[in-house]
Each structure stands twice: as structure tokens, then as C-alpha cells.
Trainee: 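What follows is a structure written as C-alpha cells; I'll ask about it next.
Here is the naming used below: chain letters follow the sequence lines, and residue numbers restart at 1 for every chain. These figures come from a predicted structure and were not determined experimentally.
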Amino acid sequence: MASYDDVMSLSVRRGFLWPAVDLYGGFAGFYDYGHNGVLMRRRWEDLWIETFLGLSDDYHLIDTTTILPEPALKASGHVDHFTDILVTCTRCGESYRGDQLLEAATHEEHEGLTPAEIDARIRDLKIRCPNCKGELGPARPFNMMFPLEVGPTGKDRAYLRPETAQGVYLNFKREFEALRRRLPLGLAIIGRAYRNEISPRQGAYRMREFLQAELQIFFDPATFADGLRFDAVASTPIRIAWATEKNQPGAHDIAAKDLVARDLPPWYVYHLAAVQRFYLDGLQVPRDAFRFAELDEKERAFYNKIHFDIQVKQESLGGFKEVGGVHYRTDHDLKGHEAMSHLKQSVTFGGSKLIPHVLELSFGVDRNIWTLLDLSYSKGERVVLRLPPRIAPVTVGVFPLVNKDGLPEKAEALHANLRKRLTVSYDESGSIGRRYARMDEIGTPFSVTVDHETLEGKGVTVRERDSQKQIRVKEADLTDTLDRLLAGEVTFGA
RNA sequence: GCGUGGGUAGUCUAGCGGUAUGACACAGGCCUUCCAAGCCUGUUGCGCGGGUUCGACUCCCGCCCCACGCACCA
């Protein structure tokens with residue numbers, strides 16, 4: 001059980017994450033990573049790449065620009081649909097979405113109106129502030145994208161990308177050719193995205209600059225399922241909360257094949273299983289803290305035909321929180337770019353010509369890091385971060401038991417050797433217990449200590465973070481033993 | 001953006017119209033044969049700007065930032 005303050009305080013104290021620019025009072029919606037945060041994030045990213053690119057030989061990582069010109073984002077729908085028309089009360093200052101004010105007054109949909117049109121209708125309908133009955137000010141557009149002026153004249157309007165996905169769609173044809181015209185084709189980006197959030201909240205949860213890890217899988221809906229081994233996951237129970245239950249705390253376990261029976265495509269369910277495996281097995285999230293939450297038609301974006309959020313329950317943020325999503329975007333994006341660019345996005349594959357459809361596996365990296373800090377935080381006599389060993393920023397701590405009799409020299413030599421292959425921390429300050437405690441706080445799973453018996457050729461001790469148990473290991477076997485411990489082939493339990 | 005509460009060292013905290021308390025952490029030293037021991041020494045702070053005042057961390061105003069609730073989150 002970790003409160004928000006617990007996680008943030010540890011995070012700041014131990015170099016994981018903190019508010020950006022705090023020298024100048026802070027900058028809402030922006031966070032910086034410290035040395036341990038970056039290490040941890042890289043390990044999360046490595047596991048993510050290993051897991052999801054490992055799904056197929058035809059899935060690859062690419063990298064694209066974070067600034068996109070207006071036409072590209074016009075085609076994606078972001079210029080028009082990522083905008084709300086806001087109306088602010090001149091008396092109480094409350095802001096409303098213009099379309100919602102009109103909808104409340106007329107019970108009709110009012111999408112796609114210009115600010116001037118909304119002003120006119122507010123006048124005609126004599127709408128006043130729902131909060132204080134004050135007079136409403138002029139409607140103004142608010143786009144969640146950060147606009148930029150590119151070049152000396154600034155004529156070429158551009159924006160910071162609101163999602164990494166568009167970078168993939170813009171490069172689909174290039175990669176389809178370079179990868180010799182295969183479907184399904186997976187293209188992933190781990191990179192920064194930007195949204196001008198109205199009110200950023202809860203630390204790394206809602207930021208204005210954030211990291212996404214997204215895999216876009218391009219496929220032919222007629223044949224996608226044929227190439228997947230659905231039978232391997234058919235009886236796997238998937239944690240599901242339906243749209244009507246998303247405010248409730250729990251989830252159902254529903255076998256993958258039963259989800260298919262409820263009209264979810266097999267290829268979609270197959271990937272739900274893959275995502276669930278990443279969280280339960282890879283990141284060791286407790287089963288009851290994980291679920292997919294369905295979004296109903298009103299909640300999901302217009303281009304998403306099927307949308308489940310990936311949610312993890314975390315004490316510091318008050319319950320289940322979205323850390324990613326599994327989105328069936330159909331052929332919306334490629335179609336949009338084809339229409340705007342006038343360049344054909346259709347491909348010929350397996351005898352048929354089609355615009356590929358897209359399944360998007362989307363993850364908020366910062367949210368995942370926060371989630372893992374929350375879940376692994378445990379406070380007894382001292383704080384221990386029970387991170388999965390593969391995710392921990394530092395993998396091994398190396399110490400001399402005392403600072404005399406040649407023990408430090410021996411330990412430093414050991415450290416120099418281990419650090420060639422692992423992230424290792426050497427420490428000879430304070431007592432041995434204090435050093436173990438330091439390692440516990442940043443989640444280091446194993447600590448190696450050189451004592452007097454080491455000098456007699458009897459090996460070193462290896463201490464496990466969670467159990468505080470120790471085993472004695474011959475120096476010659478140390479790297480091998482550590483590898484096996486990290487791989488989970490050996491445990492301390494036995 | 002609205003409302004409520006808040007902002008004192010790396011973290012957590014005490015306090016007052018006369019520039020600040022303690023704990024932990026951190027650094028150096030002594031000691032130490034395995035879990036934040038002890039002793040000595042040391043570093044670091046009143047979110048920012050303006051006003052009132054002889055003097056502001058303290059009172060007033062504005063701003064920034066944080067948490068919570070509302071709204072927002074294609």
C-alpha cells in the first residue's frame with residue numbers, strides 16, 4: 001500500500017522521477033527522470049520490445065519525427081477532432097464545451113460547428129451559464145495539440161505530435177516495400193508525444209509531454225486470424241470489465257474463446273492475451289490488479305471500432321487506472337492519409353488489393369513506470385521496492401563487509417568485473433545493513449558481499465532483496481549464479 | 001478552467017514581525033566479522049514577484065506549483 005506521497009517522495013529521494021524545472025517553481029504537466037528512473041525505463045522498454053516485437057519476425061521498431069506539418073494531422077483527424085470549442089462564463093469563469101451547451105439546450109447533436117456558429121446559436125437559444133446564469137463569453141477553439149511555427153516565416157503550420165502512431169502510418173508504404181511486402185506487418189515506435197492537457201494531474205499519470213510505446217499491426221482482416229495460433233490461448237482466462245462495469249472495482253475471468261463467442265475477433269482476443277501475459281508474467285502485476293476495461297461507443301474515439309483500456313489498480317492513484325489500450329483502428333488512418341496526400345495506400349497482398357487495417361497496442365511508458373513503483377512499494381521497518389529483477393535499475397550491489405583487511409580492494413575488483421555485463425553499484429560507506437537498505441529502496445534484487453571468508457577462497461555471499469536470505473557462492477560461479485537468478489532458473493526459496 | 005486545502009534543507013517536520021527547530025538522509029572521520037548501531041565534524045532550506053514595515057518565512061496582493069473534488073481527457 002503506497003500513497004501518492006510515498007511514491008513521489010521515494011521517487012524524488014532516490015533519483016527516479018520529479019517535477020521538471022522546479023528551480024523555477026515547476027512546470028505543470030512536465031516531469032524529468034533521474035538516473036534510476038532512466039535505467040528502470042530502459043529496462044521496461046527492453047522487455048516491451050522483447051515481448052511485442054517477439055510476437056512475429058515481421059514486427060520492427062522505427063523512429064520518426066516528433067513535429068508534424070498540418071496536412072498530416074489534418075488527414076489523421078487531429079486538427080479538427082482534437083479541438084474543443086470552449087465557451088467561458090464572463091461572470092463565474094466556468095468553461096464549457098460549446099457543443100455540449102447546445103446539446104443540453106436542444107437535445108440534438110451539434111458537431112463540427114465553427115466558433116461563430118456556436119456564438120450565433122447561443123444567442124438565438126438565449127443560453128446562459130448553467131452554473132451562475134451569467135452571460136457567456138465568445139466561443140474560442142481549444143486544440144489539445146501544441147502548435148509550432150516552422151521556418152523563418154512560420155507559414156508552414158505544424159504541431160508537436162499528439163501520438164506516435166501517425167509517424168508509423170506516414171511510413172507504412174516505405175516499410176512495406178523495404179520489408180518486402182508482407183502482411184501482417186508490425187511497426188513500433190517508442191517516443192515522445194505531446195498534448196496540451198487542460199489540467200495535468202497525478203504526477204506521471206497525465207502529462208503534457210509523455211512517452212508512448214506503440215505497436216501498429218497492419219493486416220488483412222480476411223486472413224489475419226489464420227496466421228495466429230489462437231488455439232494456444234483459447235482457454236486462457238482474460239481479465240475483463242465491461243463498459244457498464246468500469247466504475248466497479250473488479251473484473252471477470254473470461255476464457256479467450258468465450259470472448260470470441262461474444263463477437264470479438266480472434267485476432268483481437270489473441271492480442272489481449274499477449275498484453276495480459278506481458279503484465280502478469282513479465283511485469284509481475286498481481287492478477288487482481290489487472291484488467292481490460294471496455295469503452296463504449298461514446299467513450300472511444302470515432303476511428304476505434306473496438307477499444308479496451310489496459311488498466312492496473314494502484315493505491316497511489318485511487319484504483320484502476322489506464323496504462324494503455326488495445327485499439328482496432330480499422331483502415332481509418334491509412335485511408336485518411338490516402339485522401340489527403342493523393343498517394344495510394346492500398347497494397348496488393350495474397351491476390352487481393354486492400355488498404356490494410358490496423359490493430360494498435362498502445363502503452364503509456366511513464367504511466368507504466370509509475371504503476372510499477374506503486375505496486376512494488378512496500379513499507380515495513382524500511383522501504384523495499386519489490387521490482388521484478390529485470391526491471392530494477394541496478395541489478396547487483398557489491399560491498400566489502402568492513403573497510404579493512406583488503407576487503408574493499410577485493411570487492412572493487414569483483415565490481416569491476418561484474419559491471420562489464422550488469423548494472424552494478426559499489427558501496428563502502430556506512431554499515432553493511434545501511435548499504436543493503438539503500439539497495440532495497442531502489443529495488444536492487446541482489447547484493448554481493450565480500451567478507452573474510454572470501455579471502456580464504458570460500459566465495460562471497462549473495463543476498464536476496466525480498467527474503468533477506470543469503471547464500472554463499474564460489475567466486476568462479478558468481479556470474480553464472482547471478483544470471484540464473486535473474487532468469488528465474490534458480491530461486492532463494494529452496 | 002472553477003472550488004477547497006497546501007508549499008520551511010534531499011525527505012518528513014517545528015516555528016515566529018527581529019533571516020529558523022528537530023528527525024532521517026547525505027559527505028568526511030573513528031569504530032565495526034552481515035541487515036538503516038554508536039561517536040565526532042560538516043553541507044543543504046522559508047516557491048516566485050510586489051506591497052506594508054526600521055525590519056517579512058511570518059501580514060496583504062498577484063503569480064507559480066502540488067494534492068483533492070468538479071469539468072476536461074478526439
Side-chain angles (χ1 to χ4, degrees), chain A residues 3-6 8-15 18-31 34 73 76-84 86-89 91-97 99-100 111-112 129-132 137 142-145 162-163 195-203 205-208 295 298-304 307 309 316-318 322 327 329 332 380-384 397 399-405 407 429-441 447-455 460-465 467-470 472:
Chain A
S3 72
Y4 178 89
D5 288 339
D6 285 338
M8 189 50 96
S9 157
L10 176 73
S11 181
V12 169
R13 207 152 33 83
R14 290 304 187 188
W18 49 70
V21 206
D22 57 2
L23 221 54
Y24 292 92
F27 193 26
F30 298 88
Y31 280 75
L73 291 161
S76 69
H78 286 90
V79 171
D80 297 321
H81 295 279
F82 214 47
T83 299
D84 288 333
L86 292 184
V87 181
T88 302
C89 173
R91 197 206 290 181
C92 72
E94 190 75 72
S95 287
Y96 305 93
R97 270 174 53 182
D99 60 335
Q100 289 185 346
E111 283 194 12
C129 174
N131 183 41
C132 74
F142 177 78
N143 191 288
M144 298 265 293
M145 293 193 293
E163 58 173 6
R195 295 180 190 179
N196 197 4
E197 295 286 351
I198 293 172
S199 67
R201 280 289 167 86
Q202 295 185 306
Y205 186 70
R206 193 190 301 174
M207 300 198 288
R208 291 184 166 128
L295 268 69
K298 277 208 143 168
E299 296 167 314
R300 61 183 190 242
F302 61 94
Y303 52 72
N304 278 334
H307 180 163
D309 275 347
S316 65
L317 300 180
E322 177 193 355
H327 314 131
R329 297 175 71 132
H332 167 83
E381 279 186 20
R382 58 201 193 198
V383 173
V384 181
F399 320 120
L401 183 58
V402 288
N403 294 318
K404 59 181 185 184
D405 305 331
L407 265 47
S429 123
S431 68
I432 189 71
R434 183 182 297 261
R435 289 176 238 157
Y436 287 147
R438 284 190 192 114
M439 289 295 104
D440 288 345
E441 273 202 342
S447 293
V448 171
T449 301
V450 168
D451 58 16
H452 287 91
E453 292 182 52
T454 308
L455 300 182
V460 296
T461 61
V462 178
R463 175 227 190 226
E464 187 193 40
R465 177 195 67 205
S467 65
Q468 299 193 354
K469 283 185 186 161
Q470 287 181 310
R472 191 163 280 277

Trainee: Tell me the interatomic distance from A/Ile432, atom CD1, to B/U32, atom P, rounded to whole angstroms.
Mentor: 16 Å
Trainee: For B/A37, which nucleotide in any strand shown is its Watson-Crick or wobble partner with both distances under 3.5 Å?
Mentor: none
Trainee: Would you say a side-chain N or O of A/Arg434 is under 4.0 Å from OP1 or OP2 of B/A25?
Mentor: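 It does, given that an N or O in the side chain of A/Arg434 lies less than 4.0 Å from OP1 or OP2 of B/A25.
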Trainee: Is A/Tyr303 close to A/His81 at the side-chain level, that is, under 4.5 Å between some pair of heavy atoms?
Mentor: no
Trainee: Quote, to the nearest angstrom, the P distance that separates B/G7 from B/C46.
Mentor: 15 Å
Trainee: Taking OH from A/Tyr436 and C1' from B/A37, how many angstroms apart are they, rounded to a whole number?
Mentor: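 Computing the A/Tyr436:OH to B/A37:C1' distance gives 16 Å.
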Trainee: Can you find a side chain N or O atom of A/Lys404 that sits less than 4.0 Å from OP1 or OP2 on B/U33?
Mentor: yes
Trainee: Mark yes or no for a side-chain to base donor-acceptor pair under 3.5 Å between A/Arg201 and B/C66, with no hydrogen or angle criteria applied.
Mentor: no
Trainee: Can you find a donor-acceptor N/O pair under 3.5 angstrom joining the side chain of A/Glu441 to the base of B/A25?
Mentor: no
Trainee: Using side-chain heavy atoms (C-beta onward) and a distance below 4.5 Å, is A/Asn196 in contact with A/Asn143?
Mentor: no
Trainee: Round to the nearest Å and state the distance from A/Asp5 atom CG to B/C12 atom P.
Mentor: 7 Å
Trainee: Would you measure the distance from the C1' atom in B/U8 across to the matching atom in B/A20 and give it in whole Å?
Mentor: 8 Å
Trainee: Taking B/U19 as the reference, what is the distance to B/U53 when you measure between their C1' atoms (whole Å, please)?
Mentor: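 Per the computed distance, 16 Å lies between those C1' atoms.
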Trainee: Mind checking A/Ala28 for me? I need base, sugar-phosphate or nothing, with any heavy atom below 4.0 Å counting as a touch.
Mentor: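 Result for A/Ala28 = sugar-phosphate.
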Trainee: Measure the shortest side-chain to side-chain distance between A/Glu322 and A/Tyr205 over non-hydrogen atoms and say whether it is less than 4.5 angstrom.
Mentor: yes
Trainee: Classify the nucleic acid contact of A/Gly203 as base, sugar-phosphate or nothing, counting any heavy atom under 4.0 Å across all strands shown.
Mentor: sugar-phosphate
Trainee: What nucleotide among B/C34, B/U32, B/A67 has an atom nearest to a side-chain atom of A/Val402?
Mentor: B/U32
Trainee: Once you round it to whole Å, what is the distance between P of B/C70 and CD1 of A/Ile198?
Mentor: 16 Å
Trainee: Quick one: which of B/A74, B/C34, B/A36 gets closest to the side chain of A/Leu401?
Mentor: B/C34
Trainee: Side chain of A/Arg463, base of B/C35: donor and acceptor closer than 3.5 Å?
Mentor: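 Donor-acceptor pair under 3.5 Å: yes.
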Trainee: Any donor-acceptor pair, under 3.5 Å, between the side chain of A/Ser199 and the base of B/A71, if you only look at N and O atoms?
Mentor: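 Answer is yes: a donor-acceptor pair is held.
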Trainee: Would the base of B/C73 count as contacting A/Arg195 through its side chain, where contact means a donor and an acceptor less than 3.5 Å apart?
Mentor: no
Trainee: Please state how far atom CG in A/Asn403 lies from atom P in B/A27, giving the value in whole angstrom units.
Mentor: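 My rounded result for the distance is 12 Å.
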Trainee: Whole Å only: how far is the CZ atom of A/Arg13 from the P atom of B/C24?
Mentor: 14 Å
Trainee: In the structure I gave you, are the side-chain heavy atoms of A/Arg195 and A/Glu163 within less than 4.5 Å of one another anywhere?
Mentor: yes
Trainee: Would you call A/Val402 and A/His452 a side-chain contact if the rule is heavy atoms closer than 4.5 Å?
Mentor: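 Yes, at least one pair of side-chain atoms sits under 4.5 Å.
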Trainee: What is the base-pairing partner of B/C54, counting Watson-Crick and G-U wobble geometry with both distances under 3.5 Å?
Mentor: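 For B/C54, the partner nucleotide comes out as B/G18, under the 3.5 Å rule.
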Trainee: Can you tell if the side chain of A/Met207 reaches within under 4.5 Å of the side chain of A/Glu197, non-hydrogen atoms only?
Mentor: no
Trainee: Is there a Watson-Crick or G-U wobble partner for B/U32 with both distances under 3.5 Å, and which nucleotide is it?
Mentor: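 WC or wobble partner does not exist here.
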Trainee: With rounding to whole Å, what would you report as the distance between B/C66 and B/G28 at their P atoms?
Mentor: 35 Å
Trainee: Find the distance A/Met207:CE to B/C65:C1' and express it as a whole number of Å.
Mentor: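 These atoms are roughly 16 Å apart.
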Trainee: Using only side-chain N and O atoms of A/Arg438, determine if any of them is under 4.0 Å from OP1 or OP2 of B/A36.
Mentor: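 So the side chain of A/Arg438 is outside the cut-off, no N or O lying under 4.0 Å from OP1 or OP2 of B/A36.
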Trainee: So which one's nearest nucleotide on RNA chain B is more toward 5', A/Phe302 or A/Val12?
Mentor: A/Val12
Trainee: So do A/Arg438 and A/Arg14 actually touch side chain to side chain, heavy atoms under 4.5 Å?
Mentor: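 SC-SC contact between A/Arg14 and A/Arg438 confirmed.
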Trainee: What do you reckon, are the aromatic ring centroids of A/His332 and A/Phe302 less than 6.0 Å apart?
Mentor: yes
Trainee: Would you mind classifying the nucleic acid contact of A/Thr83 as base, sugar-phosphate or nothing, using non-hydrogen atoms under 4.0 angstrom?
Mentor: nothing
Trainee: Does A/Tyr303 reach a base, just sugar-phosphate, or nothing at all? Heavy atoms under 4.0 Å.
Mentor: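 Here A/Tyr303 touches the bases of the nucleic acid.
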Trainee: Please report the distance separating the C1' of B/C26 from the corresponding atom of B/C59, rounded so that it comes out in whole Å.
Mentor: 36 Å
Trainee: Only pairs with both distances under 3.5 Å count, Watson-Crick or wobble alike; so what is the partner of B/G62 in this structure?
Mentor: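 B/G62 is paired with B/C48.
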Trainee: If I pick the P atom on B/A56 and the same atom on B/G51, what distance separates them, to the nearest angstrom?
Mentor: 11 Å
Trainee: Rounded to whole angstrom units, what separation is found between the CD atom of A/Glu299 and the C1' atom of B/A74?
Mentor: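 So the CD-C1' distance, A/Glu299 to B/A74, works out to 13 Å.
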Trainee: Looking at every strand, decide which applies to A/Phe82 at a 4.0 Å heavy-atom threshold: base, sugar-phosphate, or nothing.
Mentor: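 Counting heavy atoms under 4.0 Å across all strands, the contact made by A/Phe82 includes a base.
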Trainee: Who is the Watson-Crick or G-U wobble partner of B/U11, with both distances under 3.5 Å?
Mentor: B/A23
Trainee: Can you confirm whether A/Leu73 sits close enough to A/Phe82 that some side-chain heavy atom of one is under 4.5 Å from a side-chain heavy atom of the other?
Mentor: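 No; the side chains remain at least 4.5 Å from each other.
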Trainee: If we call it a pair only when both distances are under 3.5 Å in a Watson-Crick or G-U wobble match, what pairs with B/C68?
Mentor: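 The answer is B/G3, by the H-bond criterion.
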Trainee: With hydrogens left out and only the distance checked, is there a donor-acceptor pair under 3.5 Å joining A/Glu197's side chain and the base of B/C73?
Mentor: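 Answer is no: no donor-acceptor pair is held.
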Trainee: With rounding to whole Å, what would you report as the distance between B/G29 and B/C12 at their C1' atoms?
Mentor: 27 Å
Trainee: Checking all strands, does A/Glu322 fall into the base, sugar-phosphate, or nothing category for heavy-atom contacts under 4.0 angstrom?
Mentor: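 Nothing, no nucleic acid heavy atom in range.
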Trainee: Between B/C64 and B/G50, how far is it from one C1' atom to the other, in whole Å?
Mentor: 14 Å
Trainee: Between A/Ser431 and B/A37, is there a side-chain N or O to OP1/OP2 distance below 4.0 Å?
Mentor: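 Yes.
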Trainee: Between A/Gln202 and B/C68, is there a side-chain N or O to OP1/OP2 distance below 4.0 Å?
Mentor: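 Yes, A/Gln202 has a side-chain N/O under 4.0 Å of OP1/OP2 on B/C68.
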